[in-house]
Amino acid sequence: MNNDKIIDLLEKFKSEQKALLPKVQLKNNFQKENIRFIAGVDVAYFDMQGKTKGVCCIVVFDLIEKQVIEKVHSHGEIRVPYIPGFLAFREMPLIKDAVKKLTKQVDIYMFDGNGYLHYRHMGIATQASFLLGKPTIGVAKSYLKINGVDFTMPQNKENAHTDIIINNEIYGRVLRTRVNVKPIFISCGNWIDLDTTTEIVMKLIDKSSRLPIPVRFADIETHAIRKKLLIKE
DNA sequence: GCGACAG
DNA sequence: ATCTTGTCGC
């Protein structure tokens with residue numbers, strides 16, 4: 001993919017993101033007590049026959065029974081390069097394919113990446129919400145600096161957090177899910193508020209990781225599937 | 001030209 | 001994201 005083509009694509013992508021923005025709602029469109037099934041979505045990459053391929057896994061976790069109730073995956077060629085701010089366009093085709101395979105109910109989707117914490121408030125979690133028609137949450141392992149604004153490190157206590165505020169607007173939250181571990185960067189995707197987002201993320205933390213269970217499991221699953229695909233060929 | 005850069 | 005072994009700690 002040459003440079004001119006990428007520049008054209010980015011302009012097109014940017015206007016798609018701007019068109020979606022007015023539809024974003026940072027309010028819960030559900031009753032908290034009804035939330036039970038949380039899906040984690042992640043993508044892993046590999047090369048095969050000189051092409052960049054990807055594996056997308058979705059793991060659905062039951063908050064009540066505390067167990068995984070469904071795992072689905074999709075894989076295929078990745079055609080869009082990674083450019084900060086446009087991750088959704090790179091991963092969305094595979095996500096769509098994996099979503100089609102789901103048979104169980106999902107109440108909320110969690111993504112490996114940002115949501116409202118994004119240049120145009122349109123990180124992958126927010127953008128994907130329109131495809132899914134469900135509330136979404138963004139969970140990033142590192143910080144994507146916006147307009148040169150740094151984040152404030154939260155205290156070294158479980159559940160300590162600081163907000164990322166730019167031009168008097170809250171973009172997202174830096175959350176210390178466990179003591180002595182780097183914080184994560186969470187943000188609303190759509191149809192959910194930041195406090196509820198934080199609550200749900202904390203409910204899904206266990207001793208095994210600083211990341212919430214569905215995202216962690218989806219990450220592990222993508223690596224497992226990728227390994228199988230590489231052995232076959 | 002240099003640095004920054006979710007995954 | 002990915003390339004990669006051992007190793008410190010709960």
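In the text below, chain A, chain B and the rest are named by the order of the sequence lines, each starting its count at 1. Keep in mind the model is a prediction, meaning the values are calculated, not measured.
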Colleague: Ignoring hydrogens, what is the shortest heavy-atom contact between A:Asp112 and A:Leu87? Give both atom names and the distance.
Modeller: O-CD2, 4.3 Å
Colleague: With a 4.0 Å cut-off, would you call A:Arg216 and A:Asp219 a salt bridge?
Modeller: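 So A:Arg216 pairs with A:Asp219 through a salt bridge.
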Colleague: Reading 5' to 3' and counting Watson-Crick or G-U wobble pairs with both distances under 3.5 Å, write the dot-bracket notation for DNA chain B, | for bases paired outside the strand.
Modeller: .......
Colleague: Using a 4.0 Å cut-off to any heavy atom of chain A, which nucleotides of DNA chain C are the first and last in contact, reading 5' to 3'?
Modeller: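 From 5' to 3', the first and last contacting nucleotides are C:dA1 to C:dT2.
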Colleague: Looking only at atom C1', what distance separates C:dT2 and B:dC5, rounded to whole Å?
Modeller: 15 Å
Colleague: Using a cut-off of 4.0 Å on non-hydrogen atoms, how would the nucleic acid contact of A:Asn114 be classed: base, sugar-phosphate, or nothing?
Modeller: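 Counting heavy atoms under 4.0 Å across all strands, the contact made by A:Asn114 includes a base.
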Colleague: Which residues satisfy the side chain to side chain contact (heavy atoms under 4.5 Å, CB included) test with A:Asn29, sequence neighbours excluded?
Modeller: A:Pro135, A:Trp191
Colleague: Could you work out, with side chain to side chain donor-acceptor pair (under 3.5 Å) as the rule, every residue matching A:Glu199, not counting sequence neighbours?
Modeller: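 Checked A:Glu199 against side chain to side chain donor-acceptor pair (under 3.5 Å); matches are A:Lys32.
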Colleague: So, for A:Val106 and A:Ala39, which heavy atoms are closest and what is the spacing to 0.1 Å?
Modeller: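 Closest heavy-atom pair between A:Val106 and A:Ala39: CG1-CB, 3.7 Å.
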Colleague: Please check if the number of heavy atoms outside A:His73 that lie under 6.0 Å from its NE2 is greater than 12.
Modeller: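 Atom NE2 in A:His73 is not packed in, count stays at 12 or less.
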Colleague: Minimum heavy-atom separation for A:Gly189 and A:Val24, please, with both atom names.
Modeller: O-CG1, 4.1 Å
Colleague: For DNA chain B, what residues of residues 132-154 of chain A have any heavy atom nearer than 4.0 Å?
Modeller: A:Ala140, A:Lys141, A:Ser142, A:Tyr143, A:Leu144, A:Lys145
Colleague: Taking all heavy atoms of A:Pro212 and all of A:Ile205, pick out the closest pair and write down the distance.
Modeller: N-CD1, 3.6 Å
Colleague: So, are A:Arg173 and A:Asp163 salt-bridged, with charged N and O less than 4.0 Å apart?
Modeller: yes
Colleague: Give the minimum heavy-atom separation between A:Val72 and A:Lys101, together with the two atoms involved.
Modeller: CG1-O, 3.6 Å
Colleague: Distance check, P atoms only: C:dT5 and B:dC2, in whole angstrom units.
Modeller: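 So the two P atoms sit 34 Å from each other.
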Colleague: What distance, rounded to whole Å, do you find between the two C1' atoms, one in C:dG6 and one in B:dG1?
Modeller: 40 Å
Colleague: Check whether any side-chain N or O of A:Arg210 sits under 3.5 Å from a backbone N or O of A:Pro183 as a donor-acceptor pair, and report yes or no.
Modeller: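 Flag set: sc A:Arg210 to bb A:Pro183 pair under 3.5 Å.
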Colleague: At a heavy-atom distance below 4.0 Å, which nucleotide of DNA chain B is the first touched by chain A, and which is the last?
Modeller: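 First and last nucleotides in contact are B:dC5 to B:dG7.
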Colleague: Is there a residue in residues 157-173 of chain A whose heavy atoms reach under 4.0 Å of DNA chain B, and which residues are they?
Modeller: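 Close to the strand, none.
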Colleague: Represent DNA chain C in dot-bracket notation, 5' to 3'. Only Watson-Crick or G-U wobble pairs with both distances under 3.5 Å count; pseudoknot-style crossings use [ ] and interstrand partners use |.
Modeller: ..........
Colleague: Please confirm whether A:His118 and A:Tyr171 have ring centers closer than 6.0 angstrom.
Modeller: no
Colleague: Taking the six-membered ring of A:Phe130 (Phe, Tyr or Trp), confirm whether the NZ or CZ of A:Lys23 is under 6.0 Å from its centre and within 45° of its axis.
Modeller: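 Yes, a cation-pi geometry.
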Colleague: Has A:Thr126 got a side-chain atom pairing as donor or acceptor with A:Tyr116's backbone, closer than 3.5 angstrom?
Modeller: yes
Colleague: Could you list the residues that satisfy side chain to side chain donor-acceptor pair (under 3.5 Å) with A:Asn159, not counting sequence neighbours?
Modeller: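 Side chain to side chain donor-acceptor pair (under 3.5 Å) list for A:Asn159, sorted by chain: empty.
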Colleague: Looking at residues at least two apart in the chain, or sitting in another chain, which of them share a side chain to side chain donor-acceptor pair (under 3.5 Å) with A:Gln17?
Modeller: A:Arg120, A:Gln127
Colleague: Between the main-chain N or O of A:Asn180 and the side-chain N or O of A:Asn156, is there a donor-acceptor pair closer than 3.5 Å?
Modeller: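 The answer is yes, because a donor-acceptor pair under 3.5 Å joins these two groups.
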Colleague: Taking A:Asp62 first and then A:Arg36, would you say they form a salt bridge - that is, a charged N and a carboxylate O separated by under 4.0 Å?
Modeller: yes
Colleague: Do any of residues 81-93 of chain A sit with a heavy atom less than 4.0 Å from DNA chain B, and if so which?
Modeller: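 Within residues 81-93 of chain A, the residues near DNA chain B are A:Tyr82, A:Pro84, A:Gly85, A:Phe86, A:Leu87, A:Arg90.
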Colleague: Does A:Thr222 use its side chain to pair, donor to acceptor, with the backbone of A:Val55 at less than 3.5 Å?
Modeller: no
Colleague: For residues 88-98 of chain A, which side-chain N or O atoms pair as donor and acceptor with protein atoms under 3.5 Å away, sequence neighbours left out?
Modeller:
unit_1  : atom_1 : unit_2  : atom_2 : d
A:Arg90 : NE     : A:Tyr45 : OH     : 3.3
A:Arg90 : NH1    : A:Val80 : O      : 2.7
A:Glu91 : OE2    : A:Tyr45 : OH     : 2.7

Colleague: When you compare B:dA4 with C:dC3, how far apart are their P atoms, in angstrom units rounded to a whole number?
Modeller: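 It works out to 25 Å between them.
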